[in-house]
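Throughout, numbering of the chain's residues begins at 1 and tracks the sequence. Indexing begins at 1, ligand by ligand and atom by atom, following the structure's order. All figures in this text were calculated on a predicted structure; none of them were measured in a lab.
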Amino acid sequence: MTFLELKDLRIHFPSDDGLVRSVDGLSFRLERGKTLGIVGESGSGKSVTSLGILGLHKGGRAKISGEIWLDGEELVSASAEHVRTLRGKKMAMIFQDPLSAMHPFYTVGAQIVEAYRIHHDVSKKVARKHAIEMLDRVGIPQPDRRVDSYPHEFSGGMRQRAMIAMALSCDPELLIADEPTTALDVTVQAQILDLMRDLQRDFNAALIIITHDLGVVAELSDDILVMYAGKAIEYGTSEDIFERPEHPYTWGLLGSMPRLDRERTERLMPIKGSPPSLINVPPGCAFNPRCVYGDRTGGRSTTEVPELLESEGGHLVRCHLSRDERRTVWENEIKPNLEAS
Ligand SMILES: Nc1ncnc2c1ncn2[C@@H]1O[C@H](COP(=O)(O)OP(=O)(O)OP(=O)(O)O)[C@@H](O)[C@H]1O
Ligand code: SF4
Ligand SMILES: [Mg+2]
């Protein structure tokens with residue numbers, strides 16, 4: 001049985017300007033022990049998707065449809081109360097914004113202790129010891145003292161580590177890490193990624209790593225899902241995405257990847273133009289205003305929404321160009337350029 005499966009998930013927010021289609025028909029599967037990277041520019045719906053899986057839009061303004069199956073249970077139709085009981089042990093999230101995940105009025109230790117004791121029948125003393133261990137594992141100095149600090153007493157980077165300790169404290173079976181490392185220095189980034197790998201190995205956990213930088217997920221992910229304007233536009237194994245990518249947007253992301261052999265801030269070729277409005281999504285392919293290949297599809301790019309179709313062996317692509325055209329462009333135009341730059 002697939003551990004996590006999304007089927008045609010839609011998360012729309014009514015607003016004064018119209019309906020914001022943040023997630024618009026997203027489907028994917030994830031097995032235990034596997035890592036999925038979700039990649040896309042700012043505003044493509046990555047965080048809204050993760051919050052949706054955790055049930056955190058329930059009771060809000062969001063209109064949610066589709067299905068989220070976690071370990072045999074459907075969560076879109078489940079009660080907010082029930083989904084809450086799954087958070088912590090069954091699934092947990094490392095949030096992009098640590099403050100949103102922590103209560104300002106309780107010490108960091110108290111929050112870890114509380115989360116741990118919901119799922120483990122242990123004394124406060126034992127839970128506190130566990131909290132100190134977790135803080136130590138994420139690299140917080142003097143954890144036996146810092147356990148009694150409040151979130152605001154931590155620096156940004158420390159707060160992020162504390163939140164990671166919180167998320168990992170119950171050994172979740174599904175861990176979603178939303179841009180987990182951007183605010184951290186390189187050494188700590190590596191420590192955190194190691195911790196996540198330990199979790200995966202020790203508990204056969206399923207991981208989702210969310211980022212706008214393909215480089216971050218290159219080594220970690222088994223599969224990669226590229227999102228654009230609330231939809232998957234390409235999905236495949238890490239190898240599919242890096243060795244034989246077929247979507248023009250993915251080519252753009254590869255081209256704009258920071259290179260290890262250069263200054264971290266240097267980007268090769270940023271994708272021209274900006275992400276579309278999610279209220280007035282461009283007709284046809286949402287990427288068409290920025291795509292230089294749209295004129296090769298006989299007008300379909302601006303009139304017809306492309307479907308996400310299988311190219312080969314589970315590699316899915318949402319583009320009107322034929323498979324042969326995409327492969328030819330990749331081999332002859334894009335790949336040599338990337339290699340040369
Ligand atoms: N509660 C909300 N109400 C209305 N619109 C929302 C809400 N939450 C998110 N959105 C909109 O949904 C879109 C997708 O947001 P989301 O946070 O998922 O993007 P993201 O891919 O995580 O981007 P980033 O890389 O910047 O974190 C954005 O246009 C955002 O403004
Ligand atoms: S469908 Fe057209 S506009 Fe969209 S990515 Fe393919 S070629 Fe470009
Ligand atoms: Mg986000």
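- Considering backbone and side-chain N/O atoms, Gly45 comes within less than 3.5 Å of an N/O atom of ligand 1.
- Side-chain contact annotation: Tyr116 with Arg128, donor-acceptor N/O pair under 3.5 Å absent.
- Both the backbone and the side chain of Val48 come within 4.0 Å of ligand 1, counting heavy atoms alone.
- In this structure, Tyr249 and His247 have perpendicular ring planes: the angle between them is above 60°, well past the 30° mark.
- Proximity of Arg318 to ligand 2, defined as any heavy-atom pair under 4.0 Å, is not found for any part of the residue.
- Atom 23 (O) of ligand 1 has Gly43 N, 2.8 Å as its closest protein atom, hydrogens excluded (heavy atom only).
- Near Ser47, the atoms of ligand 1 lying under 4.0 angstrom from a non-hydrogen atom of the residue are 17 (O), 18 (O), 20 (P), 22 (O), 27 (O).
- If you check each of Leu278, Ile279, Thr49, Val23 against atom 29 (O) of ligand 1, the one with the closest non-hydrogen atom is Leu278.
- Between the Mg ion (ligand 3) and Ser50 there is no N/O/S contact shorter than 2.8 Å.
- Residue pairs meeting the ring pair (Phe, Tyr, Trp, His ring centres under 6.0 Å) criterion with at least one member in residues 295-325, sequence neighbours excluded, do not occur.
- The shortest contact between atom 12 (O) of ligand 1 and any protein heavy atom is with Ser22 OG, 2.6 Å.
- Among all protein heavy atoms, the one lying closest to atom 4 (Fe) of ligand 2 is Cys285 SG, 2.3 Å.
- At a cut-off of 2.8 Å, Ser301 is counted among the residues with an N, O or S atom near atom 2 (Fe) of ligand 2.
- Protein heavy atom at the shortest distance from atom 1 (S) of ligand 2 is His320 N, 3.2 Å.
- Residue contact check: His247 has heavy atoms under 4.0 Å from atoms 5 (S) of ligand 2.
- Looking at Glu179 next to ligand 1, no N or O pair under 3.5 Å apart turns up.
- In this structure, atom 6 (Fe) of ligand 2 lies nearest to the protein heavy atom Cys319 SG, 2.3 Å.
- Atom 8 (Fe) of ligand 2 has an N, O or S atom of Cys291 inside 2.8 Å of it.
- Remark: ligand 1 and Ser42 share an N or O pair separated by less than 3.5 Å (distance only, no angle test).
- What sits closest to atom 3 (N) of ligand 1 on the protein, heavy atoms only, is Arg61 NH2, 3.0 Å.
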